[in-house]
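As structure tokens, the structure follows; a few thoughts come after it.
Reminder, nothing fancy here: chain letters follow the sequence lines and each chain counts from 1.
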Protein chains: 2
Amino acid sequence: MNDEEQKLNEVLMLFYFAYRTFTEKPDQMIERYGIQRVHHRILFFIARVPGITVNELFTVLEVSKQAMNMPLRQLYEKGFIEAEQAKFDKRYKQLFLTEKGHQLEQELSKVQREQMKEIFSSLGGDHQEAWTDVMEELSKMRPGRNQLKALFREKRKVNKIGR
Amino acid sequence: MNDEEQKLNEVLMLFYFAYRTFTEKPDQMIERYGIQRVHHRILFFIARVPGITVNELFTVLEVSKQAMNMPLRQLYEKGFIEAEQAKFDKRYKQLFLTEKGHQLEQELSKVQREQMKEIFSSLGGDHQEAWTDVMEELSKMRPGRNQLKALFREKRKVNKIGR
DNA sequence: CGTATAGGTCAACATTCTTGACCTATAAAA
DNA sequence: TTTTATAGGTCAAGAATGTTGACCTATACG
């Protein structure tokens, strides 16, 4: 067992531990709203791409349509999101955060952003860029990631005309 | 929405996507053995700390004793791990990989190590160190991580005498 | 008009995890 | 030595997150 292998084993461990810390705070915060991590993910991606359709959402998250159905319904019922029939094609529904949804999403993601921000700034130098490069390499083979990039490239308007 | 916030939102996304890629290959590989991700985690940590006790194992993983019970039993039954009554205290059981367990653990973790190794070497420079620094910062507040470090510090022998 | 797509829903089931309760064996303290 | 604490094991109920398959409506398009 050489030194390189040992360092890479550390890398594998750190992924497990770091991911737990990363999700810990928002998980605790949303408990009082009666929702869970999957709802947070949905709020997060709708916030990033307002007007995302249901189909695009589960393509980005790489889960089945059925896996999104119940959480979406709960988010409607709790008043965090709303849907609008798309003007360019009435079959599509575009998803948006309500004011309440915006507030919650900000509250949750802010905690995570600040946690990462503090770490990056405490380590200084090019840590943020280097970390991002590595994670981007891991992400670039994800269909969901590429779908999301496509959505950004569209620079989609809230009431877009065509696709 | 400023540039910094946007970059940090990217960071949050990348965590989700990267973690999926990271776990994807081993998840597929172990299917044919009739085991899942939790079993891989157990194999991995027993490989890192041969002779780890059951208690130490679920402390490191930060899950309940009951959550480990079934997967451990399945790993015994499938011949991937074995337990030995500890000489220093007969209440403790020390866990070890069998030869078969070693082979499987190597096969699984190797895929992940090589995936990370390729990314680090393709990006070059200090990417591995920087990435590790960031993840270590996120991990250092995990009780499991610190328990694990303590186990390493003990430089535990397979048949240790005292605690 | 026929077919494809977007969205919704129901059902059955799998995985991973929790809490609570209760058991034995062993060790350590009163 | 008796009591208490700890390590490990097990059962049960349930929550959270996901899967497949089947089937439905509304809309769009060739």
Side-chain angles (χ1 to χ4, degrees), chain A residues 16 19-20 23-24 26-28 30-31 33-43 46 51-77 81-95 144 147 160-163, chain B residues 16 19-20 23-24 26-28 30-31 33-43 46 51-77 81-95 144 147 160-163:
Chain A
Y16 178 73
Y19 197 67
R20 287 192 69 127
T23 54
E24 193 173 46
D27 280 0
Q28 286 167 359
I30 52 184
E31 260 177 40
Y33 298 98
I35 57 173
Q36 289 80 34
R37 196 184 297 176
V38 61
H39 304 87
H40 178 200
R41 282 205 285 259
I42 292 171
L43 293 178
I46 296 178
I52 192 173
T53 68
V54 174
N55 218 298
E56 288 162 349
L57 183 62
F58 62 69
T59 303
V60 164
L61 290 174
E62 289 174 55
V63 295
S64 65
K65 173 177 65 169
Q66 294 93 323
M68 287 294 91
N69 192 256
M70 187 62 111
L72 277 175
R73 202 157 63 202
Q74 290 160 339
L75 289 171
Y76 294 134
E77 281 164 10
I81 64 173
E82 50 193 15
E84 197 180 284
Q85 197 178 43
K87 289 176 182 151
F88 62 89
D89 186 333
K90 287 178 186 167
R91 287 176 302 181
Y92 291 78
K93 274 168 69 177
Q94 292 185 285
L95 302 171
Q147 166 82 359
K160 64 182 180 185
I161 310 292
R163 296 176 60 75
Chain B
Y16 178 73
Y19 197 68
R20 287 192 69 129
T23 54
E24 193 172 46
D27 281 0
Q28 285 167 1
I30 52 185
E31 259 177 41
Y33 298 98
I35 57 172
Q36 289 79 35
R37 196 183 298 176
V38 61
H39 304 87
H40 178 201
R41 281 204 287 259
I42 292 172
L43 294 178
I46 296 178
I52 191 172
T53 68
V54 174
N55 218 298
E56 288 162 350
L57 183 62
F58 62 69
T59 303
V60 164
L61 290 173
E62 289 174 55
V63 296
S64 64
K65 174 177 63 169
Q66 295 92 322
M68 286 295 91
N69 191 254
M70 186 63 111
L72 277 176
R73 202 157 61 201
Q74 291 161 339
L75 289 171
Y76 293 133
E77 282 164 9
I81 64 172
E82 49 194 16
E84 197 180 284
Q85 196 178 43
K87 291 178 182 153
F88 63 88
D89 186 332
K90 288 178 185 165
R91 288 174 302 180
Y92 291 78
K93 274 167 71 176
Q94 292 185 287
L95 303 171
Q147 166 82 0
K160 64 185 179 180
I161 311 292
R163 295 177 61 76

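- Nearest-nucleotide positions on DNA chain D place A/I35 closer to the 5' end than the other of A/A86 and A/I35.
- Smallest separation of non-hydrogen atoms from B/R20 and A/E62: NH2-O, 3.1 Å.
- The CG atom of B/L75 sits 4.5 Å away from atom CD1 of B/I81, with the distance rounded to the nearest 0.5 Å.
- Heavy-atom minimum distance, B/D27 versus B/T23: CG-O, 3.0 Å.
- Summary of the strand contacts: A/K65 and A/R20 both lie near DNA chain C, and taking for each the nucleotide with the nearest heavy atom, the more 5' one is attributed to A/K65.
- Note on B/S64: a side-chain N or O is less than 4.0 Å away from OP1 or OP2 of C/dT18.
- Rounded to whole Å, atom P of C/dC17 lies 12 Å from atom CD of B/E62.
- At a cut-off of 3.5 angstrom, the base of D/dG18 holds no donor-acceptor pair with the side chain of A/Q66.
- Between the P atom of D/dT19 and the CD atom of B/Q28 lies a distance of 14 Å, rounded to the nearest Å.
- Between B/R41 and C/dC17 there is a side-chain polar atom (N or O) within less than 4.0 angstrom of OP1 or OP2.
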### Dot-bracket encoding of pairs in DNA chain D, which uses [ ] for pseudoknotted crossings and | for another strand, Watson-Crick or G-U under 3.5 angstrom
||||||||||||||||||||||||||||||
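- Put simply, the side chain of A/Q85 gets close to the backbone of A/K90: a donor and an acceptor are under 3.5 Å apart.
- Comparing B/Y76 and A/K90 along DNA chain D, the residue whose closest nucleotide (by nearest heavy atom) sits nearer the 5' end is B/Y76.
- Straight-line distance from the CG atom of A/L95 to the P atom of C/dA6: 14 Å, rounded to whole Å.
- Comparing C/dA6, C/dT16, D/dG18 by their nearest atom to the side chain of A/Y92 picks out C/dA6.
- Between A/I81 atom CD1 and C/dG7 atom P there is a gap of 12 Å when expressed in whole angstrom units.
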Can you give me the N/O atom pairs linking the protein to nucleotides 28-30 of chain C at distances under 3.5 Å, or say none if there are none?
none

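- Checking D/dA7, C/dT18, D/dC11 against every side-chain atom of B/R73, the shortest atom distance belongs to D/dC11.
- Between A/Q36 atom CD and C/dT18 atom P there is a gap of 15 Å when expressed in whole angstrom units.
- Between A/L72 and A/L57 the shortest side-chain heavy-atom distance falls below 4.5 Å.
- The distance between atom OH of A/Y19 and atom P of C/dT16, rounded to the nearest whole Å, is 15 Å.
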### Query
What's the verdict on side-chain contact (heavy atoms from CB on, under 4.5 Å) for B/V63 and B/M68, showing C-alpha distance, side-chain angles and the deciding distance?
CA-CA 8 Å; B/V63 296; B/M68 286 295 91; 3.6 Å; yes
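- Contact annotation: the side chain of A/I30 never approaches that of A/H39 to less than 4.5 Å [non-hydrogen atoms, C-beta and beyond].
- Summarising the geometry, the separation between CD1 on A/I42 and P on D/dT17 is reported as 10 Å, rounded to the nearest angstrom.
- Nucleic acid contact for B/N69: base, since at least one base atom lies under 4.0 Å from a heavy atom of the residue.
- Residues forming a side chain to side chain donor-acceptor pair (under 3.5 Å) with A/Q147 (at least two apart in sequence, or on another chain): none.
- Distance B/L57 CG to D/dG8 P: 10 Å, rounded to the nearest Å.
- B/S64 and B/F58 make their closest contact through O-CB, 4.1 Å (heavy atoms, listed as atom of the first residue, atom of the second, distance).
- Shown here for B/L61 and A/Y16, the closest heavy-atom pair between the two residues is O-OH, 2.7 Å.
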